[in-house]
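Naming: A, B, ... by sequence-line order, numbering from 1 per chain. Since the model is a prediction, treat every value here as computed from it, not as a measurement.
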Amino acid sequence: MSNKAPRGTRDILPQEASRWHFLEERFKKLCYIYDFAEIRTPLFEETELFVRSVGEESDVVKKEMYTFKDRGGRELALRPEGTAGVARAYLEHGMHNIPQPVKLFYYGPMFRYDRPQAGRQRQFYQMGIEVFGTKEPSADVEVIKFTAEFFLSIGFKNLKLHLNSVGCLQCRPFYQDDLKKFARGKLSLLCPDCQKRALLNPLRLLDCKAESCRELMKDSPQIEDYLCKSCHGHFNEVLDLLKALNVPYYVDSRLVRGLDYYTNTAFEFISEDIGAQGSLGGGGRYDNLVESCGGPAVPGVGMAVGVERIVLAMEKEKLWPEKNEPEGVFLAIDGPELREEGLVMLYSMREKGLRAETDYLNRSLKAQMKFAHRNRFRYVIIFGKEEKLKNEVKLRDMLKGEQLELSYEKALNFLI
RNA sequence: GUGGGUGUAGCUCAGCAGGUUAGAGCGCCAGGUUGUGGCCCUGGAGGUCGUGGGUUCGAGUCCCAUCACUCACCCCA
């Protein structure tokens, strides 16, 4: 026992939790406006689901999953991302047989065993949306536009939308091959990581951070020259629609994503000021995902945003509103013999829906006043011997510093 | 998994080159003010100096290990 939250996890204390509520509310409101319906899937799934969808060779599966065997011998894994579980649920409940597209949103914790750093934890929260059942570029745009609107609605003005197409299963292999060939010629000059990438995951060669590698890869083959006709057309239409909708974007031919299921459109919303892990959210199209989970060939497109990263970035950019105004009533009961009568008042205030609180430690009036002030109550009702004799209470406005004497009933009427 | 930085009170940090009872500010509690918050003053509570070894007459201070935090790589939200 160390009395510490496990590595890579942390507590969201009340002050921060209220910020999370704000984000959740905005997200859910937008989902309602865009007609996405909520789905809640389990926090763990069969390990195999993630292996098949996210990809056997991906880092997420190879080294970041929390896997375990339950008492029945089932191989399970805490979900490292949200899409796979939603796709599984889509299949399991035959949602491919209802009118398409099916638009779902989710919200909750994800788990990846990775070394924590700024904006990266082992348990982190994502809010995401998915559109199943259409290949149309307008669906990609729906998801991107939603994300752009979401970030705008919470105050971001400087996020960059990076956009790319990673092609499909037909055209991507040609590109990957040529990229490999290109890299092979310079293998000895590349950094050790890139030497591995050249063999295993050539697309990753494109976004190496080493300056020397960037220089070497400068003249590498470009994905856009390899996109097949349909991928090319798809991508261009996405771009046209974004233009028409005034969503600014930046075509980043080096943008690749780590989850194997992506096809065609890939995008990320990037913040400049929260350190190395600057992606606040991202997503793309996954036309082979449902099929590779053993279902029919249902196309899809979706995205997820990281709550911790958004909170971080909003702090950096000072997007959080100032402390809220004092509100509610604190009932200062001065004298233990008045407690019973006071509590009746307290609960009657709460019945009326007022934020009402009292002291539970038999503290002095002074201490109670201090507490009311610190805890941002707008009013204090003082109920002591003096008031009891006159059958009155004092109602103090903590903001104005004024107070008046009146009956409790009148005070209550004033407050509600 | 790899590398750098950091771990002293609830929080932010001092602690000089190893030397008696470990400090400050903020916060908390109480009093100054016989019932009234904010400002001011006084007092009080609160510390296994991350943990475990080692060096030394003596370790918060030096060494090693370990854990955690942090930043970066890898990768991603």
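Comparing B/U2 with B/G46, their P atoms are spaced 43 Å from each other, to the whole Å. Taking the P atoms as reference points, B/C64 lies 39 Å from B/A45, given to the whole Å. Between B/G5 and B/G43, the two P atoms lie 42 Å apart (nearest whole Å). Nucleotides B/A9 and B/C49 have their C1' atoms positioned 10 Å apart, rounded to a whole Å. Between B/G60 and B/U51, the two P atoms lie 11 Å apart (nearest whole Å). Comparing the same atom, C1', in B/U20 and in B/C57 gives a spacing of 14 Å after rounding to whole Å. Annotation: B/G15 and B/A22 have their C1' atoms spaced 8 Å apart (nearest Å). A distance of about 12 Å separates the P atoms of B/G1 and B/U66, rounded to the whole Å.
A straight line from CG of A/Asn362 to P of B/A30 spans 12 Å, rounded to a whole angstrom. If you measure from atom CZ of A/Arg79 to atom P of B/A77, you get 14 Å, rounded to the nearest angstrom. Rounded to an integer number of Å, the gap from CE of A/Met65 to P of B/A77 is 15 Å. In this structure, CD of A/Gln15 is placed 19 Å from P of B/G10, rounded to the nearest angstrom. Atom CG in A/Leu312 sits about 13 Å away from atom C1' in B/U70, given to the nearest Å. B/A72 atom P lies 10 Å from atom CD1 of A/Ile274, rounded to whole Å. One interatomic measurement links the two molecules: CD of A/Glu268 to C1' of B/A77, which rounds to 9 Å at whole-angstrom precision. Note: CE (A/Met110) to C1' (B/A77) measures 9 Å, nearest angstrom.
Inspection of the A/Glu130 and A/Thr83 side chains reveals an N or O donor paired with an N or O acceptor under 3.5 Å.
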Show your reasoning for whether side chain to side chain contact (heavy atoms under 4.5 Å, CB included) applies to A/Phe36 and A/Glu142.
CA-CA 11 Å; A/Phe36 283 87; A/Glu142 164 83 342; 3.7 Å; yes
Could you go through A/Glu387 and A/Tyr408, starting from their C-alpha distance and side-chain angles, then the distance that decides it, and tell me whether this counts as side chain to side chain contact (heavy atoms under 4.5 Å, CB included)?
CA-CA 10 Å; A/Glu387 289 76 21; A/Tyr408 170 68; over 6 Å; no
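Few gaps surround CZ on A/Phe182; more than 12 heavy atoms of other groups in view lie less than 6.0 Å from it. Enclosure of atom NZ in A/Lys410 is not indicated, since only 12 or fewer non-hydrogen atoms of other residues, nucleotides or ligands lie within 6.0 angstrom. With a 6.0 Å radius and a threshold of 12 heavy atoms from other residues, nucleotides or ligands, A/Phe68 has its CZ atom above the threshold. Remark: A/Tyr249 OH is packed, more than 12 non-hydrogen atoms of other residues, nucleotides or ligands lying under 6.0 Å away.
No donor-acceptor pair closer than 3.5 Å links the side chain of A/Glu25 to the backbone N or O of A/Phe22.
Cation-pi geometry between A/Arg172 and A/Tyr226 is not met: the NZ or CZ atom fails to fall both under 6.0 Å from the ring centre and inside 45° of the normal.
Between A/Phe269 and A/Phe156, the distance separating the two ring centers is not shorter than 6.0 angstrom. Two rings, from A/Phe27 and A/Phe105, have their centers less than 6.0 Å apart.
Nucleic acid contact class of A/Gly335 (heavy atoms, under 4.0 Å, all strands): none. Residue contacts for A/Ala372: at a heavy-atom cut-off of 4.0 Å it reaches no nucleic acid atom on any strand shown. A/Gln121 comes within contact range of at least one nucleobase, with a heavy-atom separation under 4.0 Å.
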Write down the protein N/O and nucleotide N/O pairs, taken from nucleotides 65-69 of chain B, whose separation is under 3.5 Å; answer none if there are no such pairs.
{"unit_1": "B/C69", "atom_1": "OP1", "unit_2": "A/Gly8", "atom_2": "N", "d": "3.3"}
{"unit_1": "B/C69", "atom_1": "OP2", "unit_2": "A/Arg7", "atom_2": "NH1", "d": "2.7"}

Which dot-bracket string describes RNA chain B (Watson-Crick N1-N3 plus N6-O4 or O6-N4, or G-U N1-O2 and O6-N3, all under 3.5 Å; [ ] crossing; | other strand)?
(((((((..((((.....[...)))).(((((.......))))).....(((((..]....))))))))))))....
Encode nucleotides 33-45 of chain B as B, S and - characters from 5' to 3', where the letter depends on protein heavy atoms closer than 4.0 Å: B to the base, S only to sugar-phosphate, - to neither.
--BBBB-------
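The residue among A/Arg363 and A/Ala304 whose nearest nucleotide of RNA chain B lies closer to the 5′ end is A/Arg363. Between A/Lys63 and A/Leu280, it is A/Lys63 whose nearest contact on RNA chain B lies nearer the 5' terminus.
Comparing B/C29, B/A72, B/A77 by their closest approach to the side chain of A/Gln126 singles out B/A77.
Phosphate proximity of B/A72 to A/Gln117: present, with a side-chain N or O under 4.0 Å from OP1 or OP2.
Using a 4.0 Å cut-off between charged side-chain N and carboxylate O, A/Glu46 and A/Arg88 make no salt bridge. A salt bridge links A/Lys388 with A/Glu341: at least one charged nitrogen is closer than 4.0 Å to a carboxylate oxygen.
The aromatic ring of A/Phe124 sits over the base of B/A77, with ring centres less than 5.5 Å apart and planes tilted by under 30°.
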